[in-house]
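Notes follow once the structure below has been shown.
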Number of protein chains: 2
Amino acid sequence: MPENTTPHKRTGTKQKILKVSTALFSELGYKGTSVRKIAKEVGIRESAIYNHYKNKEEIFLEVAKGIFSSPFSQGNTDIKESAMKGKAFLQNFTMQYKLLTFDKSNENMFRLLMIELFQNKELREQFMSEFHDKNVKILSEAFFIMMQNSLIRSQDPMMMSYEFLSTLFYMRLQITLMRFDNDSTTAISTQFEKHVEFFWESVRI
Amino acid sequence: MPENTTPHKRTGTKQKILKVSTALFSELGYKGTSVRKIAKEVGIRESAIYNHYKNKEEIFLEVAKGIFSSPFSQGNTDIKESAMKGKAFLQNFTMQYKLLTFDKSNENMFRLLMIELFQNKELREQFMSEFHDKNVKILSEAFFIMMQNSLIRSQDPMMMSYEFLSTLFYMRLQITLMRFDNDSTTAISTQFEKHVEFFWESVRI
DNA sequence: GTCTATATCACGATAGAC
DNA sequence: GTCTATCGTGATATAGAC
């Protein structure tokens with residue numbers, strides 16, 4: 001027995017608002033997206049929006065929340081195990097990253113992040129923790145294990161992760177920008193594999 | 001005999017508009033900056049703005065133009081000469097980049113760039129050509145020379161530049177974000193030097 | 001070149017009928 | 001839960017006096 005808003009009919013409208021808002025915020029940023037546009041796209045009047053959300057800010061925060069919960073940590077495939085493979089681990093990690101880069105919904109997330117990064121403190125913190133720290137942590141563990149197994153030369157694992165990750169991020173930024181203008185990304189897309197090659201040659205023993 | 005607008009008095013107003021606009025656009029983005037705010041800060045009425053610029057867009061493009069002409073290529077110190085020094089060249093290049101990162105006006109520029117990157121096609125093109133291509137070109141030349149002199153291992157110079165640059169960019173982004181929130185950047189600021197060390201160890205023969 | 005005054009518009013949000 | 005109607009605000013931009 002559900003006792004929430006819209007008891008028996010499906011909660012379609014609220015979800016539709018969220019879906020439409022996600023697309024619009026991603027494309028136009030916070031200021032560029034108006035409640036008017038959202039309502040129009042959803043197919044209701046502006047005033048009806050306020051039956052579901054207190055105000056525009058509440059919609060945005062809900063969008064931001066949902067967007068970050070998209071799991072980057074894939075299957076949590078035992079790091080201790082896979083890190084032993086050395087180069088293959090990095091190839092796999094990079095592949096996952098590449099897939100995210102070219103995934104449509106993640107592309108929107110990334111765009112929204114970049115647009116609002118300097119305007120929303122909450123988003124900045126999520127960027128640092130979800131985007132950066134999380135990946136550095138995974139990579140650091142892996143590099144540490146590789147060092148223990150004498151696969152790579154000894155270095156600060158955190159620093160190594162930073163070096164490895166920053167290039168992935170920069171490629172992602174460039175590709176997202178290029179796709180935004182419908183430029184071809186074939187040339188740069190092979191860069192991911194080259195990056196792994198270069199990095200591995202730099203650190204392997 | 002000047003025959004332009006404001007014949008004998010100084011053209012202070014137009015320059016002041018530009019100066020104020022630069023600060024405001026950098027802080028608030030395009031949508032967040034209103035002609036009202038600009039006028040108020042300058043100390044004139046909104047309508048007076050239109051004696052100097054056709055519209056808001058024209059002001060913004062002028063700001064963007066000026067902001068990119070800030071020369072990264074410093075003294076154009078003969079690359080052929082300095083590249084021979086190998087590691088010292090990279091240290092010098094990175095030092096310049098670090099100075100830019102911590103320079104207040106360049107910090108504003110970078111923030112503006114990040115805010116509007118996905119909203120303004122012209123800015124994207126300027127980013128690609130001025131920000132990326134230019135630096136890749138300088139570094140590629142240097143790496144090529146280093147290879148010729150057997151200072152570093154043989155690789156695609158462009159690719160090497162990409163690898164070297166992307167980390168600098170990522171550090172810059174992180175530092176700018178942290179400074180935005182008044183977080184301490186002492187820990188990350190030494191990363192620049194570590195990056196050069198790591199990279200040099202990766203490529204030197 | 002600056003001012004006052006105004007036109008026109010889009011925005012976020014609310015009140016109240018259905 | 002959605003609608004119509006409306007308010008208040010702040011935005012870009014223009015016309016015309018000084």
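Chain identifiers are assigned alphabetically (A, B, ...) following the order of the sequence lines, protein sequences preceding nucleic acid strands; residue numbering begins at 1 within each chain.
- Atom CD1 of B/Ile59 and atom C1' of D/dA11 are 14 Å apart (whole Å).
- Between B/Glu163 and A/Lys194, none of the side-chain N atoms (NZ, or NE/NH1/NH2) sits under 4.0 Å from a carboxylate O, so this pair counts as no salt bridge.
- The salt bridge (Lys or Arg N to Asp or Glu O under 4.0 Å) search around A/Glu122 returns none, not counting sequence neighbours.
- Within 6.0 Å of NZ on B/Lys85 lie no more than 12 heavy atoms contributed by other residues, nucleotides or ligands.
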Run the side-chain donor-acceptor check on residues 20-29 of chain B: report pairs under 3.5 Å with partners two or more places apart or on a different chain.
unit_1: B/Ser21; atom_1: OG; unit_2: B/Ile17; atom_2: O; d: 2.6
unit_1: B/Thr22; atom_1: OG1; unit_2: B/Leu18; atom_2: O; d: 2.7
unit_1: B/Ser26; atom_1: OG; unit_2: B/Thr22; atom_2: O; d: 2.4

* Structure fact -> Scoring nucleotides 4-16 of chain C by protein non-hydrogen atoms under 4.0 Å (B base, S sugar-phosphate only, - none) yields B------BBBBB-
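- Using modelled atom types, no side-chain atom of B/Asp181 and backbone atom of B/Asp183 make a donor-acceptor pair closer than 3.5 Å.
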